[in-house]
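Order of listing sets the numbers, starting from 1, for every ligand and every atom in it. Bear in mind the structure is a predicted one, so any value in this text is a computation, not a measurement.
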Amino acid sequence: MPRIAYVNGRYVPHAEAAVHIEDRGYQFADGVYEVVPVFRGQMVDEELHLDRLERSLSELRIEMPMSRQALRMITAEVMRRNRLDNGFVYMQITRGVAPRDHKFPKHAKPAVVMSVRQTKLHGDEAIHDGVKVVTQPDLRWARRDIKSVSLLPNCLAKQSAHEAGASEAWLVEEDGTITEGTSTNAWILTEDNKLVTRKADSSILNGITRVSLIKCAEAKGIAFEERPFTPEEAYRAREAFLTSSSNFVMPVTEIDGRTIGNGHAGLLTLKLRQAYVDSVATPGKRSRD
Ligand code: PDD
């Protein structure tokens with residue numbers, strides 16, 4: 001079955017899905033995106049992702065190109081045409097096509113594309129082993145709360161991590177604290193048993209998985225602190241993990257070559273992962289807990 005994408009009002013074969021060379025997303029990274037996980041044929045936290053999409057657009061003064069209901073219908077149709085079971089929906093909205101000029105164009109219409117990718121869920125062994133992380137300088141702009149398609153510093157840091165044999169880079173601000181990963185949020189369980197993740201201000205993207213996991217932790221009575229932490233504090237952590245739409249909750253078992261805990265997924269990490277997966281498998285559970 002051929003993959004189908006949505007491009008500006010049309011459903012087209014993925015291989016033929018293309019935008020104009022003067023799309024401002026292509027020339028200026030003048031656009032935003034969302035990655036919405038799909039689990040057993042259902043979108044996870046769709047409304048939270050659409051809230052964040054609308055917020056990113058409004059921060060960049062890009063018009064919402066259609067109603068939320070219309071966006072929902074297109075996502076459902078793209079999922080249906082691709083028979084998406086597990087994976088994610090990628091949606092991107094740019095300021096549109098206009099002659100190249102840094103100023104906002106007067107008449108451009110926002111451009112919308114959507115595609116899906118089928119992925120496999122991580123197996124138990126991958127979760128048990130966790131992933132390696134290295135630290136890298138955070139070279140990004142000051143508005144990381146906007147989910148903009150301008151991801152060059154993220155790509156450079158991820159490539160460095162890959163070349164160092166790691167799966168993710170945790171980015172370090174000039175003040176020496178970790179902000180987040182290149183495409184994930186960062187968490188530790190400190191040596192004195194405090195669950196810590198950075199506060200969601202303009203220094204990080206407020207991950208939807210992060211937000212939902214906080215709800216799971218609250219429902220289970222697990223205390224957490226929202227504050228910055230340093231690589232040194234992370235090296236001494238009992239446990240560490242990362243969160244994102246594509247990883248859910250993934251244990252981190254090594255940071256900059258230092259083994260975290262016993263080198264395998266930590267108990268609290270596994271408990272939180274299970275709570276998150278349960279809440280995804282039975283939507284509405286979080287609010288009932
Ligand atoms: N990345 N931080 C950054 C910089 C991100 O790009 C992402 C998401 C996250 C986690 O957000 P969420 O829990 O909403 O997925 C944190 C997506 C998955 C990506 O770029 O592919």
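The aromatic rings of F241 and W187 sit parallel, their planes meeting at an angle under 30°, below the 60° perpendicular limit.
Salt bridge present: E233 and R227 bring a charged side-chain N and a carboxylate O closer than 4.0 Å. Ion pairing of R144 with E180 is absent here, as no side-chain N (NZ or NE/NH1/NH2) approaches a carboxylate O to less than 4.0 Å. Between E34 and R52 there is a salt bridge, with a side-chain nitrogen of the basic residue lying less than 4.0 Å from a carboxylate oxygen of the acidic one.
Residues that satisfy the side-chain contact (heavy atoms from CB on, under 4.5 Å) test with D175, not counting sequence neighbours, are E173, T177.
When only modelled atom types and interatomic distance are considered, K158 and S183 share a side-chain donor-acceptor pair under 3.5 Å.
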Give me the pairs of N or O atoms, one from ligand 1 and one from the protein, that sit under 3.5 Å apart.
unit_1: ligand 1; atom_1: 1 (N); unit_2: K147; atom_2: NZ; d: 3.4
unit_1: ligand 1; atom_1: 1 (N); unit_2: S183; atom_2: O; d: 3.2
unit_1: ligand 1; atom_1: 2 (N); unit_2: E180; atom_2: OE1; d: 2.6
unit_1: ligand 1; atom_1: 13 (O); unit_2: I208; atom_2: N; d: 3.3
unit_1: ligand 1; atom_1: 13 (O); unit_2: T209; atom_2: N; d: 3.0
unit_1: ligand 1; atom_1: 13 (O); unit_2: T209; atom_2: OG1; d: 2.6
unit_1: ligand 1; atom_1: 14 (O); unit_2: R52; atom_2: NH1; d: 3.0
unit_1: ligand 1; atom_1: 14 (O); unit_2: R52; atom_2: NH2; d: 3.0
unit_1: ligand 1; atom_1: 14 (O); unit_2: I208; atom_2: N; d: 2.8
unit_1: ligand 1; atom_1: 15 (O); unit_2: S245; atom_2: N; d: 2.8
unit_1: ligand 1; atom_1: 15 (O); unit_2: S245; atom_2: OG; d: 2.7
unit_1: ligand 1; atom_1: 20 (O); unit_2: Y33; atom_2: OH; d: 2.7

